[in-house]
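Structure, as structure tokens:
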Amino acid sequence: MALHMSSLFLRTLREDPADAEVPSHRLLVRAGYVRRVSPGVYTWLPLGLRVLRNVEKIVREEMDAIGAQELLFPALLPKEPFEATGRWTEYGDNIFRLQDRKGADHLLGPTHEEMFTLTVKDLYSSYKDLPLSIYQIQTKYRDEARPRAGVLRGREFVMKDSYSFDVDAAGLDKSYQLHREAYVRIFDRLGFHYVIVEAMAGAMGGSKSEEFLATAEVGEDTYVHCTSCGYAANVEAVRVPAPSPVGWEDVPAAHAEDTPDTPTIDTLVTHLNERFPRDDRPWEAGDTLKNVVVTLVNPDGTREPLAIGVPGDREVDEKRLGAQVEPAEVEAFTEADFAANPALVKGYIGPGALGLEGSSGIRYLLDPRIAEGTRWVTGADVAGQHVIDLVAGRDFSADGTIEAAEVRPGDPCPTCDHTLSAARGIEMGHVFQLGTKYAEALDLKVLDQNGKLVTVVMGSYGVGVSRAVACVVEGNHDESGIIWPRELAPADVHVVAAGKDEALFVKAEEIARELEVQGLSVLVDDRKGVSPGVKFKDSELIGIPTILVIGRGLADGKVEIKDRRSGERREVAVDDAVAALTAEVTAEVERS
RNA sequence: CGGGGUGUGGCGCAGCUUGGUAGCGCAUUGCGUUUGGGACGCAAGGGCCGCAGGUUCAAAUCCUGUCACCCCGACCA
């Protein structure tokens, strides 16, 4: 049965809601797809629910096509499995927690690794049962510190998550590849531009991980890409190519110099150029070695300082650092921390004080650019003094390297000789080789061919289903409203009765019925007493890709087919309308 | 958690500086006119001005406190 505007539970808004900033949020509310209930929590109204279901349908079809099987876990979970993996504490404030009448702790699932793992453990115990891929489309809950942009980042959201289970790494590779290909098909069908970028595999267990990012200005993720070789990575995962070691034969011995009042890189560089000018070129920030100290807070609450050495022209990128030290959290080093570590001279920290072997005993990690043989100016661990011609490998060493320095457009590509550009994206999907992290924590093992117990190797794969709805709108709208891709639209054809003549309404109903016989879904604007202008505006706002206007032309046996995206209109004979529309819609579906 | 902002009919906003009968547009209801690009007229319903306390003859307006929401940042398998 066709949807009718006269009775549809819908109210379009002429004005933008005050709390909506990004286009998808504005339009989804204005066009009557969603309503906010509380911060980050939204109601799906009839039109919106149709779109959401369409996304789910695409996801199901492609998951089923690779042999994944759908199941459904509860959203309400007991805490015990999350205690077993440590995530009851690790997830911190992001978990919605609640207690039942007996005082037992529960949570609303933010993700379901534990449940999938335990359920496989419950039912399977042989290599013969594997490989296995199972998935669910489930409402997830995360108490985000700051939900934003409507359903783009909610506290309650719909996600497809699947997990693969294999006996070995080779099997995981195969399952991962299958999912990756399925994701390519899903995102192609969803109809927005996206990139596949290398992502952080995580501090534990994971080995390979890629994100599917919808390219969008409003995106929260920054990624870099190389226009030459196709390399693309989330900034968190960018690998800095380490320069080859260089000889230090010509470098004079390191010498400490007085550099009073130079606690910052800027003041230091100015001072160097005034007092220690070089013949070949002036000193620059990039000649200095900046040592930053932070405090790591482990999930169990223990604290440990960490020093990071980066070239002076770069900041430590907190996101990159955070990803490297996960699950520990990073806090700034406070005055109290300095007081507790007298070996550190604020503003003049140098490698002499750092490192497990250094006077402070603080673990010291270097940016890969600080390769063996490179020479630096850096703090002398004495107030008002810096060391010049300090050579890495000759005069100091560290406890390892860390990828924590900021990444900038123009940096060299790690895989070819070109440079990187930066752009923003929205994380829409994530494929992730988990490895044995959860299987080990929850003791998921099967017997192999030799009767030996082996730990199952897992992969995890997510698609943001409700987020996809917003994301599609971000990529498919204009001034007037939404422009749905065919497969997602709440209906195939929007039939508009534009006028007051009763014959228009009769014909609209007749055509709607015939379209439905042809298998198309239809929204009919059968509102009486509503002027054509209002109906046109609403049809553009709502964004069904094909609009059939039955109006003044009907007297001459003509109706008008309008393409929402291009704005093109063409007149067809009223008797040909159904055939023309059917041909248009089916042709478009096959093309996609 | 830090910074900025906003709370006034369903929605968008004005009024607050300078205290004195709560207003506008949209939406809604009725009647009439109108019907190809967000129509017009007349009439109507709907608001403890976020909440609490204070000052005052009198508070949407001034003071104190508090709560909520939005934006930027921090945070975010």
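Every chain is numbered from 1, with letters handed out A, B, ... down the list of sequences. What you are looking at is a predicted structure, and each value in this text was computed from that prediction instead of being measured.
- Residue pairs meeting the side chain to side chain donor-acceptor pair (under 3.5 Å) criterion with at least one partner in residues 458-470 of chain A, sequence neighbours excluded, are A:Ser164-A:Tyr461.
- A:Glu568 pairs by the salt bridge (Lys or Arg N to Asp or Glu O under 4.0 Å) definition with nothing, not counting sequence neighbours.
- Taking only side-chain nitrogens and oxygens, A:Arg14 never comes nearer than 4.0 Å to OP1 or OP2 of B:G12.
- Between the C1' atoms of B:G20 and B:C62, the separation comes to 14 Å (whole Å).
- Checked against ring pair (Phe, Tyr, Trp, His ring centres under 6.0 Å), A:His430 has the following partners two or more places apart in sequence or in another chain: A:Phe432.
- Among B:C72, B:G36, B:C70, the nucleotide with an atom closest to any side-chain atom of A:Asp19 is B:C70.
- Applying the salt bridge (Lys or Arg N to Asp or Glu O under 4.0 Å) criterion to A:Lys537, with sequence neighbours excluded, gives no partner residue.
- Among residue pairs with one or both ends in residues 70-86 of chain A, those qualifying as salt bridge (charged side-chain N to carboxylate O under 4.0 Å, His left out) are A:Arg60-A:Glu70, A:Lys79-A:Glu83, A:Lys79-A:Asp105; sequence neighbours excluded.
- Nucleotides B:G3 and B:A39 place their P atoms 46 Å apart, quoted to the nearest Å.
- Applying the 3.5 Å distance criterion, the base of B:G38 shares a donor-acceptor pair with the side chain of A:Asp538.
- When the C1' atom is used for both B:C67 and B:C57, the distance is 31 Å, rounded to whole Å.
- Legend: residues meeting salt bridge (Lys or Arg N to Asp or Glu O under 4.0 Å) with A:Asp173, ordered by chain and number and at least two apart, are absent.
- Counting only residues at least two apart or in different chains, ring-ring contact (aromatic ring centres under 6.0 Å, His included) contacts with residues 15-36 of chain A comprise A:His25-A:Tyr42, A:Tyr33-A:Trp484.
- At whole-Å resolution of the value, CG in A:Asn94 and C1' in B:C1 are 14 Å apart.
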Check nucleotides 33-35 of chain B against the protein and report each pair of N or O atoms closer than 3.5 Å, with its distance, or say if there are none.
{"residue": "B:U35", "atom": "OP2", "partner": "A:Lys500", "partner atom": "NZ", "Å": "3.3"}

Are any protein N/O atoms closer than 3.5 Å to N/O atoms in nucleotides 43-46 of chain B? If there are, list each pair with its distance.
none

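- In this structure, A:Ala145 reaches the bases: a heavy-atom distance under 4.0 Å links it to at least one base atom across the strands shown.
- Under the Watson-Crick or G-U wobble criterion, with both distances below 3.5 Å, B:G25 is paired with B:C11.
- Under the salt bridge (charged side-chain N to carboxylate O under 4.0 Å, His left out) criterion, the residue pairs touching residues 470-483 of chain A are A:Asp478-A:Arg564, with sequence neighbours excluded.
- As rounded to whole Å, 18 Å separates atom P of B:G38 from atom CG of A:Asp16.
- Rounded to whole Å, the distance from CZ on A:Arg148 to P on B:C70 is 11 Å.
- If you check residues 106-116 of chain A against RNA chain B, the residues with a heavy atom closer than 4.0 Å are A:Thr111, listed by number.
- A:Lys121 forms no cation-pi arrangement with A:Phe116, by the criterion of a distance under 6.0 Å to the ring centre and an angle within 45° of the ring axis.
- Note on A:Arg30: a base of the nucleic acid sits closer than 4.0 angstrom, heavy atoms only.
- When the nucleotides B:A39, B:C70, B:G12 are ranked by their closest atom to the side chain of A:Arg36, B:C70 comes out on top.
- For the segment residues 555-566 of chain A, residues with any heavy atom less than 4.0 angstrom from an atom of RNA chain B are, sorted by number, A:Glu560, A:Lys562.
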